[in-house]
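The figures here come from the full heavy-atom set of this structure, side chains too, leaving out hydrogens, waters and symmetry mates. Sequence lines set the chain letters: A, B, ... in the order given, protein chains first and strands last, and positions in each chain run from 1.
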Amino acid sequence: MSSSKEPPRGDGLSVSRRGFLTSMGLGAVGVALPEITPATGPEIVPAGDVTRIALRINGRTHPALVEPRWSLLHVLRAEVGLTAAKEGCGRGECGACTVLVDDQPRYACLTLAVEAEGAEITTAEGLMEGEELGPTQQAFAETDAFQCGYCTPGQVMATEALLRANPHPSPEDIRGGVSGNLCRCGAYENIFRAVERAAELRSGGAS
Amino acid sequence: MIRDAEGRYWEEGQEVFETPQAAPDPKPWSETRVVGTRRMRVDAYERVSGTAEYPSDLLLPGMLYGAVLRSPHPHARVLSVDATAAEALPGVRAVISGFTPLNAALRPHEQLIRETLFGPVRRFEGEAIAAVAADTPYHAHDALRALKVEYEVRPFVSDERDALAEGAPLVHEEGNRVGDASTYARGDVAAGFAEADVVLEEEYRTECQIHVPMETHGCVASWDGDTLTVWESTQGVFPVQAGVARGLGMPLSRVRVIGKYMGGGFGSKLSMGDYTLMAALLAKVSARPVKLFITREETLLSAGNRPPSNTRIKAGVKRDGTLTALDLSATGTGGAYRAGGTGGLDFLVRELYRCSNVRTETQDIYVNAGPARAMRAPGYPQAAWALEQMMDALAEAIEMDPVALRLKNISLVSQVRGRPYTTTGLEACIRDGAEAFGWEAAKARAEATRDAPVRRGVGVAAAMWGAGGGGPPATVILKLFSDGSLNLNLGASDIGTGTKTIMAMVVAEELWVDPDTIQIEHADTGTTQYATASGGSKTVPTESPAVRAAALDLKKQVLEIAAAQLGVDVATLALREGKVVTTSGPSQEVPLARLNDLRRRGVVVGVGYRGPNPEGKMVNPFAAHFCEVEVDTRTGRVELVRFLAAQDSGRVMNRTTYDNQVHGGVTMGVGFGMTEKRVLDRGQTGRLVGHGWTDYRIPTAMDVPTSLEVLPIDLGDREANSTGAKGLGEPATIATAPAIANAVHHALGVRITATPITPAAVLEALAAQRQESTR
Ligand code: FES
Ligand code: FES
């Protein structure tokens with residue numbers, strides 16, 4: 001198994017995925033969710049203009065009527081009813097909403113539903129093998145890599161993305177790979193263990 | 001009435017609850033099979049699969065989305081709210097404010113709406129002006145933007161250090177002092193200072209820390225006739241039920257609050273919020289279920305905080321390390337309303353170390369900023385930041401090792417309350433912690449780096465927590481079904497600490513059943529028993545003895561059923577691996593599922609109550625944290641190389657969740673000490689600077705210690721309660737920040753007395769040090 005022709009997903013200590021995606025996504029904040037500017041805000045966009053789209057989510061096609069400004073996160077949670085991806089901030093700062101878009105980790109709160117059309121979207125629900133946990137999820141359960149669990153589906157997806165790109169991450173790769181996902185309960189120590197364990201399980205390691 | 005429900009559980013003189021007919025407590029276990037092992041959480045599957053339904057995940061047919069307009073000014077009078085344009089927008093279903101007309105559904109709540117929720121004078125940025133409900137969150141935010149509000153902007157004061165100055169703007173007409181200063185004294189501090197060989201005095205500051213739980217605050221509210229159901233992200237469904245019932249003038253029986261999963265609280269979700277009542281009112285007026293979760297920005301402004309503190313400590317010590325006097329004066333602020341801004345600030349100085357002469361004075365001050373809410377050991381991390389840095393400075397001044405100085409001043413009695421502790425692991429935490437950490441060697445290693453650009457340092461800090469013993473009330477029901485499986489029914493919330501798992505382990509221990517056969521029903525006022533909020537590090541010491549009592553009650557009935565069936569004396573029977581077995585006489589056994597009486601009845605029910613705590617004793621957890629840092633003197637970056645947390649929280653119930661909870665406490669302490677600071681524009685606008693996590697920085701995966709070790713000091717407290725557990729969540733965060741500060745001081749020889757220790761703060765301190773030395 002070749003381990004390192006790919007550039008490591010984590011960016012080591014200097015640039016974390018968090019910093020990178022945040023700056024990348026800033027432009028979309030205003031579009032994704034209007035800022036709450038009381039009374040004096042800019043002109044109001046007339047609501048109600050809907051477009052018909054079809055999203056590929058977890059291997060199935062979901063048609064939906066969406067407003068162009070709706071985030072992928074909103075559509076997943078409120079329209080499609082897949083609530084594993086969570087909203088922690090709605091502004092690209094926490095990673096609770098992380099999903100895979102064509103194998104890449106994306107903040108679903110900063111991704112418009114209309115731009116996700118045509119891509120293969122994977123949520124934590126999509127990692128399940130029927131009723132059984134997928135290996136990354138299993139690793140999180142075994143290592144107790146959460147407390148309240150609210151950030152967990154996002155952490156699981158960030159880990160899944162890391163391991164799809166880099167099946168044998170170094171400790172630095174691991175820190176970098178999950179550094180775009182905040183955990184206010186502070187379960188990071190066990191999250192690092194979970195990523196190691198997931199790498200093991202995914203490469204058919206001992207269970 | 002909303003703020004009364006703030007749940008200030010840490011205050012002395014709080015209500016004392018009674019529990020009915022608690023049977024005499026059994027002795028703590030001397031040996032355990034399940035309790036104390038490492039066990040995966042009972043809800044791990046739900047949490048990692050995404051199937052756990054958090055209140056913010058709930059989708060009900062016809063559900064609307066609520067949103068709140070909050071004041072952009074730190075101090076203003078609202079002159080009018082014009083909702084005409086907002087109400088005309090598509091998808092907008094309801095607008096409530098202090099000015100919009102009230103229909104028949106809302107009229108009974110006129111006072112609540114006009115005076116409390118949306119009162120005319122708003123005293124902090126983020127205080128509510130109006131609430132709306134619409135078809136989607138987007139439509140709701142459109143509506144907020146279309147509301148026209150006229151304000152009369154008033155002068156503000158946003159920093160407590162400015163608020164007592166002559167001519168400072170008044171937050172409330174009666175002045176900016178929240179009552180008189182609280183004072184405490186024992187012995188004679190003047191005599192104590194006279195006795196000392198060294199007297200030091202220093203000022204410390206801690207910045208405002210904000211809970212920012214990952215799931216924001218909020219609920220889904222739904223009416224069915226006169227009955228209201230609220231799914232709330234909360235630490236306690238019963239306090240929310242009480243708050244809603246009081247706020248809306250309803251009987252408790254008509255308010256059902258459910259909160260099975262919740263995405264973190266840290267003290268900010270001990271009771272309902274303004275959002276809870278708003279959701280209920282919006283649901284009532286729109287005749288639809290309403291989901292109202294506040295935004296991340298609102299959590300920074302209006303959902304509580306650990307207030308800033310300013311502390312001066314003067315301390316006297318003899319050359320042999322005996323503390324002779326401690327004198328503290330501190331100010332703090334609970335924000336714009338009475339919210340315990342200095343609560344707990346002086347307790348450690350009064351209690352942690354043996355000292356006969358102590359005087360403290362704390363003054364709470366109003367400012368135009370969001371009110372405090374209890375945050376993980378309210379007051380204690382602030383106090384530890386000051387006291388534990390002072391202890392370090394004293395050790396240095398008398399040339400004593402900081403570990404040795406602390407060990408010299410251990411108290412076996414609670415000096416504040418004049419009673420012995422059931423157990424105190426303070427000495428063991430410090431001594432065993434230092435040994436496990438390799439204190440001496442690490443210290444020597446660090447001192448060898450003094451001239452290098454990257455320097456090492458080690459630091460220690462100790463702590464205790466003034467609550468954490470738990471107590472009544474708690475009522476728990478345990479049902480045994482005819483096939484031998486069980487249902488454990490308790491009202492407590494599991495806020496991520498592993499409560500449910502620990503309770504299942506207690507049942508499994510007592511009944512010798514497989515923990516997987518136990519189904520847990522919890523945190524629902526409609527179907528479970530009364531429990532206080534999960535906070536104060538008291539859930540396990542409160543609930544686990546009640547769970548054990550329920551298991552014992554059930555066991556007694558089961559053994560009686562079996563004795564009749566087998567025709568033996570009940571005293572010869574015991575439970576083992578899901579069976580009733582004889583322990584003497586001819587060997588007989590019967591599986592639980594074959595108990596005829598159980599099968600006839602379908603269920604046997606055990607009830608357990610929490611008994612009182614031991615009389616004349618205090619039950620408190622203790623801790624000591626050790627830290628090794630590497631400081632780059634060129635960049636100011638502080639790397640946490642190694643961290644060890646020694647904790648005395650009585651019996652370790654589940655080692656897996658125990659370790660995790662300590663990791664979390666340390667991480668939050670790292671945030672408090674190194675990254676977190678609420679910045680208000682003190683001079684110009686009084687408003688929050690930066691409205692998310694980019695500016696209010698909490699620890700990320702990059703910030704936590706490279707190596708983080710947990711050392712449980714398991715003393716097996718045989719007096720505290722029948723399971724021997726003390727609280728853990730809060731004592732795990734108190735000593736972290738000062739341990740880091742002391743390590744940084746050890747590395748650099750400069751003391752950083754204000755949080756957070758950012759690279760900029762380190763560089764500034766180093767620059768000041770250079771200036772000092774060239775002078
Ligand atoms: S919810 Fe998307 S990054 Fe926080
Ligand atoms: S587990 Fe609670 S935020 Fe990560």
Side-chain angles (χ1 to χ4, degrees), chain A residues 13 16 18 22 33-34 36-39 41 44-45 47-48 67 69-70 74 77-78 81-91 93-94 96 123-125 128 133 137-138 140-142 144 146-153 156 175 178-179 181-192, chain B residues 40-41 44-45 47-54 56-57 59 67 69-70 72 89-91 129 136-139 141-142 144-149 212-215 261-264 266 295-297 495-497 656-657 660-661 663-668 692-694 698-702 704 708:
Chain A
L13 289 172
S16 69
R18 179 174 184 227
T22 303
L33 198 68
I36 316 158
T37 316
I44 292 152
V45 186
E67 289 186 33
R69 61 177 174 164
W70 287 1
H74 171 69
R77 287 175 57 79
L82 292 172
T83 57
K86 301 282 188 266
E87 178 165 320
C89 66
R91 45 193 290 159
E93 297 177 327
C94 74
T123 69
E125 288 95 340
M128 299 290 288
L133 299 177
Q137 292 163 316
Q138 178 67 26
F140 270 71
E142 282 178 16
D144 203 46
F146 50 87
Q147 286 176 35
C148 76
Y150 195 80
C151 73
T152 309
V156 165
R175 281 200 182 218
V178 298
S179 67
N181 293 70
L182 297 179
C183 174
R184 186 48 160 167
C185 296
Y188 298 118
E189 180 77 14
N190 288 359
I191 291 170
F192 302 152
Chain B
M40 191 193 284
R41 288 176 204 243
Y45 175 93
R47 295 199 199 252
V48 302
S49 63
T51 53
E53 190 173 59
Y54 293 78
S56 58
D57 292 337
L59 297 169
L69 181 73
R70 294 182 180 274
L89 287 174
I129 306 288
T136 71
Y138 292 90
H139 294 90
H141 286 110
D142 288 345
L144 293 188
R145 285 152 52 106
L147 288 169
K148 292 198 183 64
V149 186
V212 286
M214 214 64 191
E215 181 181 40
Y261 288 96
M262 58 90 69
F266 316 108
T295 62
R296 180 51 57 200
E297 178 179 0
I495 58 176
T497 53
T656 295
T657 52
N660 198 340
Q661 217 179 340
H663 296 163
V666 170
T667 303
M668 198 167 267
W693 272 316
T694 305
I698 64 172
T700 71
M702 298 304 210
V704 293
L708 173 51

Carefully, step by step, assess B/Thr136 and A/Trp70 under the rule side-chain contact (heavy atoms from CB on, under 4.5 Å). CA-CA 10 Å; B/Thr136 71; A/Trp70 287 1; 3.8 Å; yes

Set out, in order, the CA-CA distance, both residues' side-chain angles and the distance that settles salt bridge (Lys or Arg N to Asp or Glu O under 4.0 Å) for B/Arg47 and A/Asp144, then state yes or no. CA-CA 10 Å; B/Arg47 295 199 199 252; A/Asp144 203 46; over 6 Å; no

Apply side chain to side chain donor-acceptor pair (under 3.5 Å) to the pair A/Tyr150 and B/Ser56, showing each step before the final yes or no. CA-CA 10 Å; A/Tyr150 195 80; B/Ser56 58; 3.2 Å; yes

Before you tell me yes or no, could you show the steps for A/Tyr188 and B/His663 under side-chain contact (heavy atoms from CB on, under 4.5 Å), namely the whole-Å CA-CA distance, both residues' side-chain angles and the distance that decides it to 0.1 Å? CA-CA 8 Å; A/Tyr188 298 118; B/His663 296 163; over 6 Å; no

How far apart are the C-alpha atoms of B/Ile698 and A/Arg184, what are their side-chain angles, what is the distance that settles it, and do they pass the side-chain contact (heavy atoms from CB on, under 4.5 Å) test? CA-CA 7 Å; B/Ile698 64 172; A/Arg184 186 48 160 167; 3.5 Å; yes

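Each of B/Glu215, B/Met262, B/Arg296 has some count of heavy-atom pairs under 4.5 Å with chain A, and the biggest count is that of B/Glu215. When each of A/Thr152, A/Val156, A/Thr123, A/Asn190 is scored by its heavy-atom pairs under 4.5 Å with chain B, the top score falls to A/Asn190. Between chain B and the residues A/Cys151, A/Ala124, A/Gly149, A/Cys148, the most heavy-atom pairs under 4.5 angstrom are made by A/Cys148. The candidate with the highest count of non-hydrogen atom pairs below 4.5 Å against chain A, out of B/Gly263, B/Gly91, B/Ala52, B/Ala67, is B/Gly263. Of the listed residues B/Gly50, B/Ser49, B/Ala701, B/Gly664, the one with more heavy-atom pairs under 4.5 angstrom with chain A than any other is B/Ala701.
With a 4.5 angstrom heavy-atom cutoff, B/Thr497 does not touch chain A via any of its atoms. Looking at B/Met214, both its backbone and its side chain come within 4.5 Å of chain A, counting heavy atoms on both sides. Looking at B/Pro699, the atoms closer than 4.5 Å to chain A (heavy atoms on both sides) sit in the backbone and in the side chain alike. With a threshold of 4.5 angstrom between heavy atoms, B/Thr51 does not approach chain A through any atom at all. Interface residue B/Tyr45: backbone and side-chain heavy atoms are both found under 4.5 Å from chain A. Proximity to chain A is limited to the backbone of B/Ile495, based on heavy atoms less than 4.5 angstrom apart.
For the pair A/Lys86 and B/Asp57, the minimum side-chain heavy-atom distance is below 4.5 Å. The shortest side-chain heavy-atom distance between B/Trp693 and A/Arg91 does not fall under the 4.5 Å cut-off.
Side-chain atoms of A/Gln147 come within 3.5 Å of backbone N or O of B/Asn660 as a donor-acceptor pair.
Here the straight-line distance linking atom OG1 of B/Thr295 with atom CD of A/Glu87 works out to 9.0 Å at 0.5 Å rounding. Rounded to the nearest 0.5 angstrom, A/Glu67 CD and B/Tyr138 OH are separated by 9.0 Å.
The minimum heavy-atom distance linking B/Val704 with A/Arg175 is given by the pair O-NH1, 3.2 Å.
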